[in-house]
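What follows is a short report on a single structure.
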Number of protein chains: 2
Amino acid sequence: MFVRITADSALRPNSLRDLGLTSESNALVSLSEFSYKKGTEIYGEKEPAEYVYQVKSGAVRSYKLLSDGRRQIGAFHLTGDIFGLANGAEHRFTTEAIVDTTVRLVRRQSLEIVAESDALVAKNLLSMTTNNLQHAEDHMLLLGRKTSLERVAAFLLEMDNRLTASGVIALPMSRRDIADYLGLTLETVSRALSRLHDLGILGFVGNTQRQIILLDRNQLASLDLQP
Amino acid sequence: MFVRITADSALRPNSLRDLGLTSESNALVSLSEFSYKKGTEIYGEKEPAEYVYQVKSGAVRSYKLLSDGRRQIGAFHLTGDIFGLANGAEHRFTTEAIVDTTVRLVRRQSLEIVAESDALVAKNLLSMTTNNLQHAEDHMLLLGRKTSLERVAAFLLEMDNRLTASGVIALPMSRRDIADYLGLTLETVSRALSRLHDLGILGFVGNTQRQIILLDRNQLASLDLQP
DNA sequence: CGGTGAGTTGAATCGCCTCAAAGGGGGTGG
DNA sequence: CCACCCCCTTTGAGGCGATTCAACTCACCG
């Protein structure tokens, strides 16, 4: 693994709380930080699930591959997100750093042990899993029934909500990543963005590789039928 | 609601065990049975999630609708399956009986109370939610990246596994239901089944409305790329 | 026996994909 | 510091798979 240890792996109290897993019994759990260079794998599908991760900075994609290379990205993990959690004994996705990324991690086992005796931690585990499930359920609707324009609009709204909620976003992922998340090709994503630009629903700031996008959330929302 | 009470709603011990939620503390939880006629709604999206259900007999579809009527079925619930569980305060799907269906149900609230003090129950709740999540993750890959033939092959394999695991199945749901589950149209599903028939991968028994299907699981599996 | 709804099949259309080419941006090495 | 190269992105043209529209069959039911 191309990882670099950037912080202590000391035993610290409150580490569960750091992961959003509020605990009254301040169990001692090892909490480390790791950094992954852009494009490197964090863990692979079918690997034993040893750790649970939280994005400290950067962005992560988690995906499945078919044997012929077709890829479906199930989720993007952004700053603050916890991932690698919703697994049985082994990971069901491969995850990679989209940009240089730093994560915090705790041993999965220590979480399970604490959850055994601490109902609050158990509750939070369930609640996080339920959130993941809800996201997957919404995404099934998108993948099964929405048009390319609706998918891209929904994607932009989701990213705006999660990144800034301000109508100005800098996407960390490529067109190909977006396409594999939305079940489209990168060309179709590009065309949809151009179309939204032509419609005056979004604009680009600067001509940098990963553009900053200004968007009109109301107009986007009208393109993305939810109910 | 077009429901008919077919059994007692008496307080019974072991009712959690009946739902597969093994409990050491045999809490008293009300367990009822309800029957739904073919095509009737069990609960609607956004309704408060008052009960958790287990299919005693029959089959259930659970789906989301877009405002213009496009439908995505997220799951089919067959005999023994528990559904209505993976929700926060309110349901995220509408569920309907596909055929005449009898369900057992427990109040969601009583489950939560027991889970509070019983780590085993809490663990089972988490494990069931994780199973739902895994199904949704696999389905995202299908909806985002598989061809119509691969989708139908995957569907037949899933149904065979869950219904009989014998290579002979009687599908309870219509072509339209299958289509809305697979993100296709009913015509495309029909064409795919005809194609599989022509390829000698499946056969029909009788000419009844909901045919019995004989299938070659090995040949189907070779059409459905997973890894 | 008509009526109805589910299923199959064909023909035409359409949306997205594939293939291709051209335009930058950013990074690297001279 | 600049030139070159590589990769990402955009855009166009053509093709294809799935959808749409339509006709017909068949089981089931009054």
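Lettering follows sequence order; numbering is per chain, from 1.
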Please work out if B:Arg210 contacts a base, only the sugar-phosphate, or nothing of the nucleic acid, heavy-atom cut-off 4.0 Å.
-> sugar-phosphate

Does the side chain of A:Tyr63 come under 3.5 Å of the side chain of A:Glu96 through a donor N or O and an acceptor N or O?
yes

### Query
Below 6.0 angstrom between ring centroids: does that apply to A:Tyr43 and A:Tyr51?
no

Review point. Should we count CZ of B:Arg195 as having more than 12 external heavy atoms under 6.0 Å?
Key: no

To the nearest angstrom, the CG-P distance between B:Asp177 and C:dG5 comes to 16 Å

Residues pairing under salt bridge (Lys or Arg N to Asp or Glu O under 4.0 Å) where one sits in residues 166-188 of chain A, two or more places apart or in two chains, turn out to be A:Arg61-A:Asp177, A:Arg71-A:Asp177, A:Arg71-A:Asp180, A:Asp180-B:Arg145

| field | Base D:dC8 to side chain A:Gln211, donor-acceptor N/O within 3.5 Å cut-off | value | no

B:Asp68 atom CG is separated from D:dT20 atom P, nearest whole Å, by 11 Å

Would you say C:dT8 has OP1 or OP2 under 4.0 Å from some side-chain N or O of B:Ser190? yes

Is any side-chain N or O of B:Arg175 closer than 4.0 Å to OP1 or OP2 of C:dT8?
yes

Whole-Å distance, B:His197 NE2 to C:dG7 P, equals 16 Å

Taking atom types as they are modelled, is there a donor-acceptor pair under 3.5 Å from the base of D:dT10 to the side chain of A:Arg176?
no

note: B:Met173, atom CE; C:dA6, atom C1'; distance rounded to Å ~ 15 Å

The residue, A:Ser174 or A:Arg145, whose nearest nucleotide of DNA chain D is more 5′ is A:Ser174

Salt bridge (Lys or Arg N to Asp or Glu O under 4.0 Å) filter on A:Asp68, not counting sequence neighbours, yields A:Arg70

Taken to the nearest whole Å, CD/A:Glu150 to P/C:dG15 is 12 Å

Between the CG atom in A:Leu141 and the CZ atom in B:Phe93, the distance rounded to the nearest 0.5 Å is 8.5 Å

Looking at B:Glu50, is its backbone amide N or carbonyl O close enough to the side chain of B:Arg107 to form a donor-acceptor pair, meaning the two atoms are under 3.5 Å apart?
no

**OP:** Looking at every strand, decide which applies to A:Leu184 at a 4.0 Å heavy-atom threshold: base, sugar-phosphate, or nothing.
**Re:** sugar-phosphate

Whole-Å distance, A:Leu182 CG to C:dC17 C1', equals 15 Å

Contacts of A:Thr185 and B:Val189 projected onto DNA chain C by closest heavy atom; the upstream (5') one is B:Val189

Of the candidates D:dT10, C:dC17, C:dT8, the side chain of A:Leu186 sits closest to D:dT10

Rounding to 0.5 Å, atoms OG1 (A:Thr101) and NZ (A:Lys37) come to a distance of 12.0 Å

Self-check item: B:Thr188 side chain near D:dT19 phosphate (N/O to OP1/OP2, under 4.0 Å)
Solution: yes

Sorted by position of nearest nucleotide on DNA chain C, 5' first, the leading residue of A:Lys146 and A:Glu187 is A:Lys146

Where DNA chain D forms runs of at least three Watson-Crick or G-U pairs (i with j, i+1 with j-1, under 3.5 Å), the stems are C:1-30 with D:1-30

A:Arg70 CZ to D:dG17 P, in whole Å, measures 13 Å

Next item on the list: Using only side-chain N and O atoms of B:Ser148, determine if any of them is under 4.0 Å from OP1 or OP2 of D:dA18.
Entry: yes

A:Leu193 atom CG is separated from D:dT9 atom C1', nearest whole Å, by 10 Å

When only distance counts, do a donor and an acceptor, one from the side chain of A:Arg191 and one from the base of D:dG12, lie under 3.5 Å apart? yes

